[in-house]
Amino acid sequence: MKVQPVRGMRDFYPEDMAFRNWLFERWRRASRRAGFVEVDGPELEPLELYTEKSGPEIAEQLYWLEDKSRRRLALRPEFTPTLARMIAARQAALPEPIRWFNISRCFRYERTQKGRLREFFQWNVDLVGIAGEIADAECISLAVDAMKEVGLGPEDVQVRINDRRLLAALVRHLGIAEDRVPQVFGILDKRDKVPAEALAGLLAEAGLEAQQRQGLERILAWQHLEDIDARELATPEVHAAVEAIHRLFALLADYGIAEWCRFDIGIVRGLAYYTGPVWEVHDCKGELRAIFGGGRYDRLLGDTGGKAMPACGFGGSDVILGILLGERGLRAEPETSTEYFVASASEASLPQVLQVVRHLRARNRSTQFDLKSGNLKRQMKKAADAGARFVVIVTEEFARSRRVTLRDMSSGDQRDVGLEELGA
RNA sequence: GUGGGCGUAGCUCAGUUGGAUAGAGCAUCGGGUUGUGGUCCCGAGGGUCGGGGGUUCGAAUCCCCUCGCUCACCCCA
């Protein structure tokens, strides 16, 4: 019987696993370099953890199931609610600021397509307890560091930064009704994704007054912070939001990553819990969906039953980054292979081979030998296929002399060595 | 949820207007006379042509249904 794998779930063959480990290692390295510590939680959470705050319609996109006691459980779609729960449970004892990162296996019940599977790994970074822009800058700096770590530069990827407070202020400045806001945000979000005509069409359909539409057109044309119109700046609320963005960019310059970052009024992000700066890392060609995304969510922890605490962070999945790195030929080399391959020159010397193997393994050397006991030629080929750096050839001499032949596979040089020298 | 594309060996694909035991390259395994790898040569295994039904003397090929994959839209924490 041939059993089909579950849609959107992933098999990791050795080469896939090699890439996954390579990537995770770099995420961990960058996180720790910035002083973040790793945490994790369960992959299964009560369904309500996700539906209570976001409404029941979110269940459409959740991978959920009923257990034997008819409890409704969700495979986690993201880590942040778990994080909020964990922080709330230990709040009094946690030293602030809390700097946690996590690499979680997440699930979403979605229609699969390029860069979107039902199972993925998400790197999640959160910095809790700091209200100032310095915390946002710290997170963005870490995201940039991770990009460097995997071999990408500012010509490959860019951090596009906006602020929810600016968006909110602009909406109020234009006098746009509350019920139009989702539509307006949708148009802003489409700015770089659809052609200008289509954007104009969307604007026309949005049911806005002429003045509001003109204002929005002007805003959509902003490319830099300096482009922000004096008419908008005259509003104190807008002015304050812009000042905050300036402060953030000044810090990013101090972090030495100004060339990686730019203002983008089109960054909205869907998640309702963002309250301040929001940002996404995109490939410069704009071919792929966001690689990382994050922002400030100062109300989430209080809303989740804990003490209200300022917080910001970001997340990003292995899928998009994997596609990008694959396209740029930046995929990982295979797992570091076997160091030593112990070969026997004569058929009957398995006990001697095992003696050498045990010796090397006891010295923590990655060692293998031919389990199918072929001739020496075959063993040499196996050793080469396994990527062994050295082949140890055991002859009948070994029983008497305790000496073996050590062959360096890259140079082809051979020499006789005593067993004690091996693997030292 | 809507729409497009595609299903032939583990992978990438050929397969002529429907015609005989369905092919190639790569990969895998074995061999090239019992002591040295990455090259080369020879050979083998592996496919109910996604599945079911229909048309036909005859279907990988034509028709219908179905399953799966994929891409875009929607959504996107």
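We use all heavy atoms of the structure for the numbers below, so side chains are in, but hydrogens, waters and symmetry mates are not. The chains referred to below are lettered A, B, ... by the order of the sequence lines, with proteins before strands, and numbering in each begins at 1. Here the structure is a predicted model, which means the values were calculated and not measured.
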- So, does A/Asp283 use its side chain to make a donor-acceptor pair with the main chain of A/Leu288 at under 3.5 Å? yes
- Anything under 30° is parallel, anything over 60° is perpendicular, the rest tilted; go ahead and classify A/Phe314 against A/Phe292. tilted
- Query: If we take the P atom in both B/C62 and B/A20, what is their distance in whole Å?
  - Reply: 16 Å
- Message: Test your reading of the model: is there a side-chain donor-acceptor pair from A/Ser69 to the backbone of A/Arg71, 3.5 Å cut-off?
- Response: no
- Note on the structure: Heavy-atom nearest nucleotide on RNA chain B taken for A/Phe107 and for A/Ser410; more 5' hit belongs to A/Ser410
- Item | Gap between atoms CD1 and P, on A/Ile320 and B/A77 respectively (whole Å) | 12 Å
- Item | Per A/Arg269 side chain, nearest of listed nucleotides B/A77, B/G37, B/G35 | B/A77
- Message: Walk me through whether A/Asp40 and A/Asn102 qualify under side-chain hydrogen bond (donor to acceptor under 3.5 Å, both in side chains).
- Response: CA-CA 6 Å; A/Asp40 202 1; A/Asn102 162 259; 3.1 Å; yes
- Check whether any side-chain heavy atom of A/Asp192 sits under 4.5 Å from a side-chain heavy atom of A/Asp264, and report yes or no. yes
Could you run down the sub-3.5 Å N/O contacts of the protein with nucleotides 28-31 of chain B?
residue: B/G30; atom: OP1; partner: A/Arg378; partner atom: NH1; Å: 2.7
residue: B/G30; atom: OP2; partner: A/Arg378; partner atom: NH1; Å: 3.3

- Measure the distance from CD on A/Gln379 to P on B/G35 and round it to the nearest whole Å. 12 Å
- Message: Taking the C1' atom in each of B/G58 and B/G19, what is the distance between them to the nearest angstrom?
- Response: 7 Å
Pick out the pairs of N or O atoms, protein on one side and nucleotides 66-74 of chain B on the other, that lie under 3.5 Å.
residue: B/C69; atom: OP2; partner: A/Arg7; partner atom: NH2; Å: 3.2
residue: B/C71; atom: OP2; partner: A/Lys114; partner atom: N; Å: 3.0
residue: B/A72; atom: OP2; partner: A/Gln113; partner atom: OE1; Å: 3.4
residue: B/A72; atom: OP2; partner: A/Lys114; partner atom: N; Å: 3.4
residue: B/C74; atom: N4; partner: A/Gln113; partner atom: NE2; Å: 3.0
residue: B/C74; atom: N4; partner: A/Arg116; partner atom: NH2; Å: 2.9

- Query: Looking for any heavy atom pair under 4.0 Å, which part of the strands does A/Glu110 touch: base, sugar-phosphate only, or nothing?
  - Reply: base
- For the pair made of CZ in A/Arg164 and C1' in B/A77, what is the distance, rounded to whole Å? 11 Å
- Message: Counting distance alone, no hydrogens or angles: does the base of B/A77 have a donor or acceptor under 3.5 Å from a partner atom on the side chain of A/Gln122?
- Response: no
- Can you tell me the distance, in whole Å, between the CG atom of A/Leu376 and the P atom of B/G38? 12 Å
- Backbone of A/Cys106 reached by a side-chain donor or acceptor of A/Ser104 within 3.5 Å: no
- Message: Are there over 12 heavy-atom neighbours, none belonging to A/Arg378, within less than 6.0 Å of that residue's CZ?
- Response: yes
- RNA chain B base-pair string [pairs: Watson-Crick or G-U under 3.5 Å; |: paired with another strand]: (((((((..((((.....[...)))).(((((.......))))).....(((((..]....))))))))))))....
- Message: Applying ring-ring contact (aromatic ring centres under 6.0 Å, His included) to A/Phe369 and A/Tyr340, what does each step give before you reach the verdict?
- Response: CA-CA 8 Å; A/Phe369 61 100; A/Tyr340 288 88; over 10 Å; no
- Please answer whether the main-chain N or O of A/Thr405 pairs with a side-chain N or O of A/Arg415 as donor and acceptor at a distance below 3.5 Å. no
- Task: Run the salt-bridge test on A/Arg29 and A/Glu149 with the 4.0 Å N-O cut-off and return the result as yes or no.
- Result: yes
- Message: Looking at the base of B/U36, is there any donor atom on it, or on the side chain of A/Gln414, that sits under 3.5 Å from an acceptor on the other one?
- Response: yes
- Without swapping roles, check the side chain of A/Asp156 against the backbone of A/Gly153 for a donor-acceptor pair under 3.5 Å. yes
- What distance, rounded to whole Å, do you find between the two P atoms, one in B/U66 and one in B/G1? 14 Å
- Task: Pick the C1' atom in B/A22 and in B/G37, then give their distance to the nearest Å.
- Result: 37 Å
- Item | Separation of the P atoms in B/G43 and B/A24, to the nearest angstrom | 11 Å
- Item | Rounded interatomic separation in angstrom, taking CE from A/Met409 and P from B/U36 | 13 Å
- Query: NA contact type, A/Thr395, heavy-atom cut-off 4.0 Å: base, sugar-phosphate, or nothing?
  - Reply: base
- Item | Integer angstrom distance from the P of B/C29 to that of B/C73 | 43 Å
- Euclidean distance, atom NZ of residue A/Lys381 to atom P of B/U39 [Å, nearest integer]: 6 Å
- Query: Under the 3.5 angstrom rule, does the side chain of A/Asn162 hit a backbone N or O of A/Ile265 as a donor-acceptor pair?
  - Reply: yes
- Within this structure, what is the CG-to-P distance between A/Asp370 and B/G35, rounded to whole angstrom? 16 Å
- Query: Across the strands shown, which category fits A/Gly293 at heavy-atom distances under 4.0 angstrom: base, sugar-phosphate, nothing?
  - Reply: nothing
- Query: What is the nucleic acid contact for A/Glu397, judged by heavy atoms within less than 4.0 Å: base, sugar-phosphate only, or nothing?
  - Reply: nothing
- Might you work through the ring-ring contact (aromatic ring centres under 6.0 Å, His included) test for A/Tyr297 and A/Tyr273, ending with a clear yes or no? CA-CA 6 Å; A/Tyr297 48 95; A/Tyr273 56 59; 5.6 Å; yes
- Task: May I have the distance from A/Ile187 (atom CD1) to B/C75 (atom P), rounded to whole angstrom?
- Result: 12 Å
- On a whole-Å scale, what distance lies between the C1' atoms belonging to B/U28 and B/U34? 25 Å
- Message: Using the C1' atom as the point on both nucleotides, what is the distance between B/C41 and B/G50, in whole Å?
- Response: 38 Å
